[in-house]
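Any value given below was found using the heavy atoms of this structure, including those in side chains, with hydrogens, waters and symmetry copies removed.
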Amino acid sequence: MPPSTPLKLAVFSAKSYDKTYLDSVLTAQYPSLCEISYHPFPLSLETAPLAAEHRAICAFVNDTLDAPVIRALHATGTRALLLRCAGYNNVDLSTAEELGLFVANVPSYSPEAVAEFTIALLQTLNRNTHRAYNRVREGNFNLEGLMGQTLHGKTVGIVGTGRIGLALARIVRGFGCRLLASDPKPGLSEEEFAREYGGQFVDLKTLLGQSDIVSLHCPLTRGTRHIIDTENLGYMKKGALLVNTSRGPLINTKAAIEALKSGTLGGLALDVYEEEGAYFYNDHSHEIIHDDTLMRLMTFPNVLVCGHQAFFTREALTEIAGTTLANLQDWVEGRHCANSLVREGHLAVADGKEPVRGI
């Protein structure tokens, strides 16, 4: 049953758009569910006291929910951890289970949004539209150095066939590409994948060796961390393009830089970065960036880096807000929550030794 006093929800790493969409959905669908306080600061051990007397907190991808933070939250009354994202690699689920906390994520929100942005990154990198835009603004209409390749007939390799990976598969099939996919636990059979997407399942080494474009769409686990490392970069087709709109640590950035320098890797498009927590989602234009690896990436003409915005559409933000508040209502009313990551005292996730399907 709901508490007699209004439940308090503390939202961390809150931007103006988080407030807009959460408030809108709360007013329209859950008017008496909770009172929300918004904090622009990321959740950490230092900011956790802001959640004192809040029974629930809402965190985002780069917030810290390790054991010390979870214990600090629990000590001041927090009993529910809501993630307004799909990934939960930043959460110590074992500690949450030990303390009996409710933890839930948003497993799917407009997978088409991320898939479409993947194509936007790919084609920007491939056709050099970012460079053309800057040239034309300076009155330079020269085409030298802007040549790309026709996607039709090229081989696209998708690593991870969850909702986003399959959404991308539908798109690249429309481009007339040959499609390969690698996933240790695919959610559909080889026959279904061939019939519905025109694709073929292969092992990762084969995919890397045959693909002109490789796109990453798997979650971050112990098994997928640095899945693109020096060894696997060595298997890639020379000059291939690599796109990552999933999780930054899937790629060993320093190894990717070496592959770019040698010409093994033809181009790299990143919407995520393995050390993004220190910079992404905030304005650092007036500061010196001290991440030398990130700055080195910026020097390559065949590298694109965006600030983790693939999800950033009106539709996705509406779904994220709706699912986050629905998860909270399930917990408040004692109902089974399909998105719970800790159920009945047991972790409801894989042990991380190999990728789980979907992101």
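D330 meets the salt bridge (Lys or Arg N to Asp or Glu O under 4.0 Å) test with R335; sequence neighbours excluded. The side-chain hydrogen bond (donor to acceptor under 3.5 Å, both in side chains) test applied to T293 returns no partner, not counting sequence neighbours. Evaluation of the ring-ring contact (aromatic ring centres under 6.0 Å, His included) rule for H308 yields Y281 as partners, not counting sequence neighbours.
When hydrophobic residues (I, L, V, M, F, W, Y) are linked wherever their side-chain heavy atoms come within less than 4.5 Å, the members clustered with L143 are L146. The hydrophobic cluster containing Y133, built from Ile/Leu/Val/Met/Phe/Trp/Tyr side-chain heavy atoms closer than 4.5 Å, comprises no other residue.
The list of salt bridge (Lys or Arg N to Asp or Glu O under 4.0 Å) pairs with a residue in residues 129-141, not counting sequence neighbours, is empty. Here salt bridge (Lys or Arg N to Asp or Glu O under 4.0 Å) pairs that include residues 286-295, with residues two or more places apart or in two chains, number zero. Listed by first and then second residue, the side-chain hydrogen bond (donor to acceptor under 3.5 Å, both in side chains) pairs that reach into residues 22-36 are K19-D23, D23-Y38, sequence neighbours excluded. Sorted by first and then second residue, the salt bridge (Lys or Arg N to Asp or Glu O under 4.0 Å) pairs with a member in residues 257-284 read E258-K261; sequence neighbours excluded. Among residues at least two apart or in separate chains, ring-ring contact (aromatic ring centres under 6.0 Å, His included) pairs with a member in residues 158-215 are F193-Y197, F193-F201. For residues 72-88, the pairs satisfying salt bridge (Lys or Arg N to Asp or Glu O under 4.0 Å) are D18-R84, with sequence neighbours left out. For residues 139-170, there are no ring-ring contact (aromatic ring centres under 6.0 Å, His included) pairs, not counting sequence neighbours.
Atom CE of M147 is surrounded by 12 or fewer heavy atoms from other residues, nucleotides or ligands within 6.0 Å. In this structure, Y17 places its OH atom where more than 12 heavy-atom neighbours from other residues, nucleotides or ligands lie under 6.0 Å away. Annotation for R195: atom CZ counts as buried by contact number, over 12 foreign heavy atoms lying within 6.0 Å.
Taking hydrophobic clusters as Ile, Leu, Val, Met, Phe, Trp and Tyr residues chained together by side-chain heavy-atom distances below 4.5 Å, Y273 shares a cluster with V159. Cluster membership check: M295 shares its hydrophobic cluster with I251, using side-chain heavy-atom separations under 4.5 Å among Ile, Leu, Val, Met, Phe, Trp and Tyr.
Between W331 and F102, the two ring planes are parallel [angle under 30°; tilted spans 30° to 60°].
Put simply, OG1 on T230 and CG on N252 are 5.5 Å apart, with the number rounded to the nearest 0.5 Å. Rounding to the nearest 0.5 Å gives a distance of 9.5 Å between OG1 of T323 and CG of N105. Taken from CD in Q123 to CG in N128, the straight-line distance is 10.5 Å, to the nearest 0.5 Å. Interatomic distance, SG of C58 versus CG of L9, reported as 6.0 Å (0.5 Å rounding). In this structure, CG on L250 lies 5.0 Å from CG on N244, to the nearest 0.5 angstrom. Rounding to the nearest 0.5 angstrom, the gap separating the CG atom in L265 from the CG atom in N302 is 7.5 Å.
For D212 (side chain) and T155 (main-chain N/O), a donor-acceptor pair under 3.5 Å exists by modelled atom type. Without hydrogens or angle criteria, H284 side chain to Y279 main chain gives a donor-acceptor distance under 3.5 Å. A donor-acceptor distance shorter than 3.5 angstrom exists from the side chain of R173 to the backbone of E196, with no hydrogens or angles considered. In this structure a side-chain-to-backbone donor-acceptor pair under 3.5 Å is present from E192 to S189. In this structure, the side chain of S211 does not engage the main chain of V214 through any donor-acceptor pair within 3.5 Å. A distance-only check finds no donor-acceptor pair linking the side chain of T78 to the backbone of H74 [under 3.5 Å]. In this structure, S246 contributes its side chain and C218 its backbone to a donor-acceptor pair below 3.5 Å. In this structure, S340 contributes its side chain and C337 its backbone to no donor-acceptor pair below 3.5 Å. Judged purely by atom type and a 3.5 angstrom limit, E319 uses its side chain to pair as donor or acceptor with the backbone of S110. With hydrogens and angles disregarded, no donor-acceptor distance shorter than 3.5 Å links the side chain of T224 to the backbone of I227.
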Query raised in the report: Can you list the steps and then say if D183 with K185 is a side chain to side chain contact (heavy atoms under 4.5 Å, CB included)?
Result: CA-CA 5 Å; D183 193 319; K185 295 182 179 179; 4.3 Å; yes
Query - H226 and N232: CA distance, side-chain angles, deciding distance, side chain to side chain contact (heavy atoms under 4.5 Å, CB included) verdict - result: CA-CA 9 Å; H226 286 182; N232 281 338; over 6 Å; no
Requested in this report: Could you please spell out the steps behind the side-chain hydrogen bond (donor to acceptor under 3.5 Å, both in side chains) verdict for Q149 and R127?
Outcome: CA-CA 7 Å; Q149 57 183 326; R127 301 302 297 271; over 6 Å; no
Report task. Please lay out, stage by stage, how N339 and N327 fare under the test side-chain hydrogen bond (donor to acceptor under 3.5 Å, both in side chains). Result -> CA-CA 7 Å; N339 301 322; N327 290 342; 3.0 Å; yes
**Report entry** Audit row: F311, F117, side chain to side chain contact (heavy atoms under 4.5 Å, CB included) steps and yes/no
**Finding:** CA-CA 8 Å; F311 76 99; F117 193 78; over 6 Å; no
Query - Trace of the side chain to side chain contact (heavy atoms under 4.5 Å, CB included) decision for L268 with L241 - result: CA-CA 6 Å; L268 178 64; L241 305 180; over 6 Å; no
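Residues N89 and R247 meet the side-chain proximity criterion, which asks for heavy atoms closer than 4.5 Å. Counting only heavy atoms from C-beta outward, the side chains of L242 and L216 approach each other to under 4.5 Å. The shortest side-chain heavy-atom distance between L208 and K237 does not fall under the 4.5 Å cut-off. Taking 4.5 Å as the limit, some side-chain heavy atom of L166 sits within range of a side-chain heavy atom of L188. Between I320 and Y21 the shortest side-chain heavy-atom distance does not fall below 4.5 Å. Between V172 and L151, the closest side-chain pair of non-hydrogen atoms is not below 4.5 Å. Within the 4.5 Å cutoff, the side chain of T64 has no heavy atoms near those of the N90 side chain. You'll find the side chain of D203 reaches within 4.5 Å of the side chain of T206, heavy atoms only.
Minimum heavy-atom separation, L45 to A72: CD1-CB, 4.1 Å. Annotation for I289 and L294: closest pair CG2-CD2, 4.5 Å, computed over non-hydrogen atoms. Residue L121 comes nearest to L270 through the heavy atom pair CD1-C, 4.3 Å, listed as atom of the first residue, atom of the second, then distance. Counting all heavy atoms, side chain and backbone alike, L43 lies closest to S13 at N-OG, 4.3 Å.
Under 3.5 Å, the side chains of T118 and T245 contain a donor-acceptor pair of N or O atoms. In this structure, a donor-acceptor pair under 3.5 Å is present between the side chains of N282 and K15.
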